[in-house]
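For reference, the structure discussed in these notes is given below.
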Amino acid sequence: MEFAPQASIDHAALRHNLKLARQAAPSSRIWAVIKADGYGHGLLRVAEALHDADGFAVARLNEALALRQQGVVKPLLVLSACISRCDFDQAIEADIQVVVHHRDQLDALGAISSSDQRLTVWLKLDTGMHRLGFAPSELIEILDRLKGLAIVDEINLMSHLANGDEPQDPLTSAQCEQLLQFDPALFNARSMANSAGVLANPASHLDWNRPGIMLYGASPLLDTTAEQFGLQPVMTLSSRVIALKACRAGGRVSMDMLCVDARGLSDIQVGDEAVLWGRGLPVEEIARAAGTIAYELLCGIKQRVRFIDLNRQQLEV
Ligand SMILES: *Cc1c(COP(=O)(O)O)cnc(C)c1O
């Protein structure tokens, strides 16, 4: 037996968590966010399991192109990095929707003449995250410029919650108000909620929601557990005990090995499975103990770990 770490990915849990996202906001459509290699679970694997989503959102154009190349026909949205003329040409060609958050993008889009295919854009409003997007005071001017571009087809409106993980933070409702002040008739569709919004902020449920972390079975809200929301962990990361030693206190974390204090575990043996997180050991609990967040732990899993698919559903594509 090889004692390699493995990540078993439960496709049924992905499907279940998607269903919960739908139940929490039944009148919204769902962009399943599968950026960062499906939050470390594997882009294509996750796209396959989440076939009931209405579309997939990724961070990079490359990820969206990879999905198209694999035959994914659903709507695709690139959340950030489409900037150059060349990016847009590829997006148009592959029927990928893009986010417009910066004036430079308007210049690049203006240089493309109309063709048979046109582009659906999501105009990004900065309502308080201050990462990407136009200020509310600029929005109508930018909207008018977009409407004047031959290549632009549908124009949608989106924003992103900054502190959604703390539902009591007044910024969340202030952000929603900023977006909702714009006449919905100006846009084809609107989108605000990430996982935290889906689970804790009904005011943020608009035409499309964008859940990410909850689909993987981790709670998006501070000081809560995924279990409270009925979410199921998707990844169980495990390895094997390769040695037991008695020594004085003071172990070390190494690159490929980890020393843990096994006192109190009387029946432990070499070869036993050691769960690092997943079933029975929420990733949030490990994240808290490690001073980080579940996103970082999950996205840090690389293909060096052996992936195993559980409860995979064979589909006719
Ligand atoms: C990552 C991301 C999401 C998903 O966020 P979660 O907290 O994982 O649900 C939604 N929208 C945008 C713009 C994102 O970048």
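Counting starts at 1 for both ligands and their atoms, following the listed order.
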Legend entry - Heavy-atom check, side chain of Leu132 versus side chain of Val99, under 4.5 Å: no

Inset, instruction - Could you please spell out the steps behind the side-chain hydrogen bond (donor to acceptor under 3.5 Å, both in side chains) verdict for His130 and Asp126? - result: CA-CA 6 Å; His130 303 316; Asp126 182 0; 3.1 Å; yes

Legend entry - Nearest-neighbour protein heavy atom for atom 12 (C) of ligand 1, which is reported as residue plus atom name and distance: His160 CE1, 3.4 Å

Legend entry - Residue and atom name of the nearest protein heavy atom (relative to atom 9 (O) of ligand 1), distance in Å to one decimal: Ser195 OG, 2.5 Å

Inset, instruction - Working to the nearest 0.5 Å, report the span between OG of Ser173 and CD of Gln168. - result: 10.0 Å

Inset, instruction - Examine Tyr216 together with His41 and report whether their ring centres are nearer than 6.0 Å. - result: yes

Legend entry - Met158 N/O to ligand 1 N/O under 3.5 Å: no

Inset, instruction - Would you kindly specify which portion of Lys35 sits under 4.0 Å from ligand 1, judged on non-hydrogen atoms: side chain, backbone, both or neither? - result: side chain

Legend entry - Within-4.5 Å side-chain heavy-atom neighbours: Leu258 and Leu276: yes

Inset, instruction - Return a yes/no value for Tyr39: is any of its N or O atoms, backbone included, closer than 3.5 angstrom to an N or O of ligand 1? - result: yes

Legend entry - Close N or O approach (Gly212, ligand 1; < 3.5 Å): yes

Inset, instruction - Starting from atom 11 (N) of ligand 1, find the nearest protein heavy-atom neighbour and note its residue, name and distance. - result: Arg210 NE, 2.9 Å

Inset, instruction - Evaluate salt bridge (charged side-chain N to carboxylate O under 4.0 Å, His left out) for Arg118 paired with Glu154, printing each intermediate quantity in order. - result: CA-CA 9 Å; Arg118 292 167 77 214; Glu154 284 179 20; over 6 Å; no

Legend entry - Distance filter under 4.0 Å to Ile213 heavy atoms, resulting ligand 1 atoms: 6 (P), 8 (O), 9 (O)

Inset, instruction - Just need the protein heavy atom nearest to atom 7 (O) of ligand 1, so name the residue and atom and give the distance. - result: Tyr295 OH, 2.6 Å

Legend entry - For ligand 1, the portion of Arg131 having any non-hydrogen atom under 4.0 Å away: side chain

Inset, instruction - Could you tell me which non-hydrogen atom of Ala226 sits nearest to which non-hydrogen atom of Ser219, and how far apart they are? - result: N-CB, 3.6 Å

